[in-house]
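Below, read A as the first sequence line, B as the second, and so on, with proteins coming before strands; counting in each chain starts at 1. For the numbers below, each heavy atom of this structure counts, side chains included, while hydrogens, waters and symmetry mates do not.
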2 protein chains.
Amino acid sequence: MQKSDALSPSPEKARGRGRPRAFDREAALAEATRLFWAKGYEATSISDLTEAMGIGSPSLYAAFGSKDALYAEALDYYREHFDAFVWGNFHKAPSAREAIEAFLVDSASALTGYVADIPCGCMVTLSSVGSEGHPELGNLVRSARASTFDRVKQRLEQAVAEGEIPASTDLNALARYVQTVQNGMSILARDGAECPELKSVAEVAMLSWDRYTRPTQAG
Amino acid sequence: MQKSDALSPSPEKARGRGRPRAFDREAALAEATRLFWAKGYEATSISDLTEAMGIGSPSLYAAFGSKDALYAEALDYYREHFDAFVWGNFHKAPSAREAIEAFLVDSASALTGYVADIPCGCMVTLSSVGSEGHPELGNLVRSARASTFDRVKQRLEQAVAEGEIPASTDLNALARYVQTVQNGMSILARDGAECPELKSVAEVAMLSWDRYTRPTQAG
DNA sequence: AAAATTATATATCGATCGATGCAAAAATCT
DNA sequence: AGATTTTTGCATCGATCGATATATAATTTT
């Protein structure tokens, strides 16, 4: 008579001592992700997390193991649930130019919170984890940051193969450039830049693309 | 007989008028700046600071007041001693285009530590102070970040006044773009990007300038 | 319904955080 | 010289950090 598939959440929170009901792990992870995203790893304390999740610290440790492990899971959650805001149209675009433009324009929207009720800036880009004291998490976020470059460069290679851009193009320089612009957007977004402002940045940035992918000017 | 006039700030070795065994305040501030720069505000503890400075915590508090105040002084020290690496040629350039190009190219050198033995990335750009818990310092670094935009935009306005670029140019978009590229460079530099890589980014970025400052294509 | 299981809340752990009180020690002033 | 001044090193403060042991209560099994 009880199916109890491990997640039958009730939004009501039981206040009694003891065991009110198994908390919703997914919802708690979502809260943790938002908190880490908005405040960063070090600035987010266990107290902050347990308060936002509505659970006690033993439940947190039983469910996620440690603060580090929770952050790692939050990173996965972030990439799984929010990357589409930035990369969705990129992957659907028929040409590299449209893909890059979609990536930058959609980044402008996503990073400023115009597409959903989310913190400003990219959780991965703005994470300062790894500067000291957390080498494992540092490698994690660094590799996450590197994936932006990888995706862009891979798309550029495809564009070369398809003849969209000249084979003589310096794909590393171009991909680093795109990565640089998108990274910079996160910082501006965190400081309060608005979506239209960043969209204009994206448009200006694309002018370099047009120029750079046409080495011999042939108007 | 004694040269200490008891109320003029010692110009040279910063020898306190009391006990000469007093530590070198300037050198200590330099160490603190480097530490904050490399590790960030929250990740740098008082213990880290006192160890690097070679003093005890009471001396630190007597000399600087608090961790916050020390960070504020470190920011001043940073701007006073290292901004020239990035802005020196910008201010000397005869045209806005050369100024912007110098700014981006010199940023590539400075942010990757090619001009001196300094941490990678910009202390101001990468500072996550203000995300939570330190509103005063947050405003400080935010305004410091805003100064990049202000300087660039002011130079663009001058360029319009001098007829270097069309009056119809969207200076906000262009200045935000330059700011975005330079901010992004800091993140790449922190992740280990090399100087030549960022210089190529600067060159690609300048292609947008050439295109954007010529609204009616007249190649 | 009683027993066994499970996950919670309370309370607290040692370590470290930023910040200070105190007395010893060194240099200037008288 | 001695008295005063001032910084330092040692020790420690209360608060908070991340993490855990214990006890209790709701759920599951028998």
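Within a 6.0 Å radius of CD in A/Q158, more than 12 heavy atoms belonging to other residues, nucleotides or ligands are found.
Taking a cutoff of 4.0 Å between a charged side-chain nitrogen and a carboxylate oxygen, A/K199 and A/E203 do not qualify as a salt bridge. Between B/E42 and A/K39 there is no salt bridge, since none of the side-chain N atoms of the basic residue sits less than 4.0 Å from a carboxylate O of the acidic one. For A/E98 and A/R155, the salt-bridge test fails: no basic side-chain N is under 4.0 Å from an acidic carboxylate O.
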Passes salt bridge (charged side-chain N to carboxylate O under 4.0 Å, His left out), B/R151 versus B/D83? Steps please. CA-CA 12 Å; B/R151 285 200 243 192; B/D83 257 24; 2.8 Å; yes

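With rounding to whole Å, A/D24 atom CG is found 15 Å from C/dA7 atom C1'. The nearest whole Å value for the distance from the CE atom in A/M53 to the P atom in C/dT8 is 11 Å. If you measure from atom CZ of A/R25 to atom P of C/dA7, you get 12 Å, rounded to the nearest angstrom. When rounded to the nearest whole Å, the span between NE2 of A/H134 and P of D/dC17 equals 14 Å. Here C/dT16 presents its P atom at 18 Å from CD of B/E42, a figure rounded to the nearest Å. One can place CG of B/D68 at 10 Å from P of C/dG18, the figure rounded to the nearest angstrom. One atom, CG of A/L137, and another, C1' of D/dG18, lie 14 Å apart when rounded to the nearest Å. Taking atom CZ of residue B/F23 and atom C1' of nucleotide D/dT7, one finds them 9 Å apart after rounding to whole Å.
Taking every heavy atom of residues 43-52 of chain B and every atom of DNA chain C, pairs under 4.0 Å involve B/T44, B/S45, B/I46, B/S47, by number. Taking every heavy atom of residues 55-62 of chain B and every atom of DNA chain C, pairs under 4.0 Å involve B/S57, B/P58, B/Y61, by number.
No donor-acceptor distance shorter than 3.5 angstrom exists from the side chain of B/S186 to the backbone of B/L126, with no hydrogens or angles considered.
A ring-centre distance under 6.0 Å is not found for A/W209 and A/Y177.
When all heavy atoms are compared, the tightest approach of B/T125 to A/R190 is O-NH2, 3.6 Å.
For the helix from C/dA1-D/dT30 to C/dT30-D/dA1, the axis fitted to the five pairs at one end and the axis fitted to the five pairs at the other end meet at an angle of 0° (nearest 10 degrees).
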